[in-house]
Structure formats: structure tokens, C-alpha cells
Amino acid sequence: MKSDTDTLSSNRVIAADFIVNAGWIATVDANDTVFQNASLAVKNGVILGVGPQAECAQRFQADKIIDMPDHLLCPGFINGHNHAAMNLLRGFADDLPLMTWLEQHIWPTESKYVDEEFAEDGVRLAIAEMLKSGTSCFTDMYFFPDITAKLAHQYGMRAQVAFPVLELETAWASGPEEYIDKGLQVIDDFKHSSFANVCFGPHSPYTVSRATLERVATLANELDANIHIHAHETRQEVSAFIEEHKIRPLELLNDIGLASPRLQCAHMVHASDSDIELLAATGTHVIHCVRSNLKLASGLFRMHNMLEAGVNVGLGTDGAASNNSLNMLSEMNISAIMAKAVAGKADAVTASQALRAATINGARAIGREDAIGSLEAGKQADFFAIDVNRVECLPMYEPVSHLVYTAQNSHITDVWTAGEKRVEDGQLLHMDTIALREKANQWRKTLSA
Ligand SMILES: [Zn+2]
């Protein structure tokens, strides 16, 4: 029998900080529920409830009601692989294969110019671009991870900051020991941040020695920390590795105990059937960077096969130096349409699967599925609103198909993270865009001199 308290609490109207009434809400919950004429109620940065407007009106009340009848609300995108500071190298060297691009253009420029100021200006520019395009969380892998974590925290952007681990000396550290020592300090410095979560970012199996990878595996185990790595990006990289080590790169990661649900492999373009089985069996996550892989002619990712095998696949932009934008709508679009061409099947990677890859799968990859990646009661209020009533968008039959196959970045109008508005009417609320432009242009002059 229900007590009075039960009856009272179930009938009680809960006070929210604000309620958004939207034309549509794509929740990305387990059933891919899309509500029409729906509401999202938020309190203290957390979602109180989401559902049909009439139902929510009975359950929640707020002084602040935001009416968006022309908009679709979606969970904020989770950009699973980025090198944010490389925004300053957007378009710096194009139309080149990966190793020429890296060895002759990117690495020499980085060794000459990358310092704290470069990181600070580049990351700020990237955060501005990501927030404006609906991204509320990103994984970063670059020098000066302390600066990335600081800026993510400052601007209310969620970030998994993978501190770099390399054998080579760079502006940030002299060798593997110093990378790891400094990285452990950054983990400690941000352990209480609700926005920045710091983890290990060994560059790749082909640039980091087995001994260093083993040390990373031991420490990451002890700290229960994630590991983010580049793997199987190009055919040459995989064949050269096999020739030298007599083992596939992913097999080596598995041998030393790295392959697990705490590991995220960016790229995995050249994955054999046995690699895909190993990824699925170990719960290792994959971050697919379709635009970067296509532009660098790295190859065609088998997203369809990965999903069928049960591998968790998230999406990432990679850095703006190889993309050349941080546009997650475009990543969803191309990953879905390319998967159809690769599989020879029009139903390979549906719009819903592409949206899940850009949101909840990304959350799962970084171990934050309980807090972000979908719009459900109890999760963080990280979401964006996109105007689907523009002439070039009409008519709209299926909101999720629309989002993946039709929508454009410029249609994203408002973005919230932790229930706080960061973008309004397409404009960043807490960033000085004039200063951002000036800094970017100064760097262009310096780098092209
Ligand atoms: Zn990368």
C-alpha cells in the first residue's frame, strides 16, 4: 500500500531552474526515443526529467521557461579524438599523405613553435569552435595538457585530457620519464575537476617503446586511469610494425595488458578480422576519425563490421591540421555515408547509429556513460538546440535522419553544458571572439614567415 508520503512525492511538482520546451528532443537513450513537443527540465546543472510537454508540465515547474518550437534538442557531441592546440595549424599543410605531412611539415613546425602560448591560444580557439558546433566534451592529446585542462575547466567544456607520452624530447618534456612524471602531476592537479579528466596518452605503438608502454599499463592500472592512443592509422604503419616486432600493434597492446575497457584506440583504419575480434573481446574502444583518414588517404574504416562485432565506436575530428575543422555534424554525416559505400549496403550505419557514435558511444569510451552522452534524468545537462525550420531543412520527417543527413553547423543556435548556456543565438557567451581572431591571425603571420 502506498503511504501518504509516496503519494505526495509522486504528485509533488518539482521546482526546476529552467525548462526548455522544444519542437523535438532526440534523447539517445537505450531505445533512441525521440519526443515531439517535448520538455527538458534542469536543476543544478542536472537533467530532472525529459518527456512530452503535457506530462512534464504536471511534474515540473520553473520561473524560467525557454520556448523553442522550431528546434530539435540533442545531447552535446563528444569529440573522441582531437589535438586542440593544432587549431593554429588549420590548413597549414594540405593534400599530403600522413607521413610526409607529419615528418616534413607538422613535426618540424611543432618543434620550432609549440610552447605554452601556442597551446593556450590554440586550445582556446578550438574550444570556441567546438562549443559553437554543439560539442560539449572532447578528448585531447597534446603538449601542455595542464593548459588544456585549465581552459576546459574555465570555459565549462568537458574534456578527457590525455597527456602525451613520447620517447623524443619536445618543449613539454625531455623523455618518457619526464612525460609520465609531469602527466601524473596533471592528473593530481585536476582530480577534483568536474570538467577535466586527465589520462595517459602514449602517442602510438610505433613511436613509444614497449618498455614505456608497459610502464603506462602498470600506472594506468594502479590509478584506474584511461589510456588514449593512435593505432593502425595507415597500412604502412601496421606492416612496418609487423616487420620489426613480428606482432600486430593491437596484439602488442593486448600482450602488455593495455587492451581493456580503459583503452581507446584512435583510428583503427587498418583492422583485420582478428583485430576486430580482439577489440570486441577486450572491450577496447575505437575512435573513428573519418574526415582526417579520408583527407590523409589513410584508408577506409570498417565501421559496419566493428559495430556488428560489438565494438564500441565513437567519433572524433582529429586535429584541425588534418581535418580541417572540428565539425561533429560532418563527422556523423561522412561516417554514415562512407560506411554504406564500404559495406555496399545502404542500411550499414544508420542515422541513429551515427548519432549514437557521436554521443553516447563517446561517453562510454571515456567511462562517463553514467553522466553524459544522452538526455535522461540524472545526467548532466549538456545539450544543444538546432533550428530545423530553416528553408534548406524543410520538410522534416525524421529528426535524427535530418540531423545526420541535412543539418548544418550554422543551424546550431544554443549550447548548454552543466545546465549553463555557453552559446546563444550562435554567439559564444563567455569568450572574447575579437581577441580569438587577433591571436589566430598573429600566429598565421608567425608560422608563415
Ligand atoms: Zn590524432
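As the structure lists them, so they are numbered: ligands from 1, and atoms in each ligand from 1.
Look at His230 and the Zn ion (ligand 1): an N/O/S atom of the residue is under 2.8 Å from the metal.
Classified by interplanar angle (parallel below 30°, tilted 30° to 60°, perpendicular above 60°), the ring pair Phe195/His153 is perpendicular.
A side-chain donor-acceptor contact under 3.5 Å links Lys295 and Asn324. Side-chain N/O atoms of His71 and Thr413 include a donor and acceptor closer than 3.5 Å.
Distances from the Zn ion (ligand 1) to each N, O or S atom of Asp318 single out OD1 as the nearest. For His81, the N, O or S atom closest to the Zn ion (ligand 1) goes by the atom name NE2.
Note on Arg302 versus Asp273: salt bridge recorded, some NZ/NE/NH1/NH2 to OD/OE distance being below 4.0 Å.
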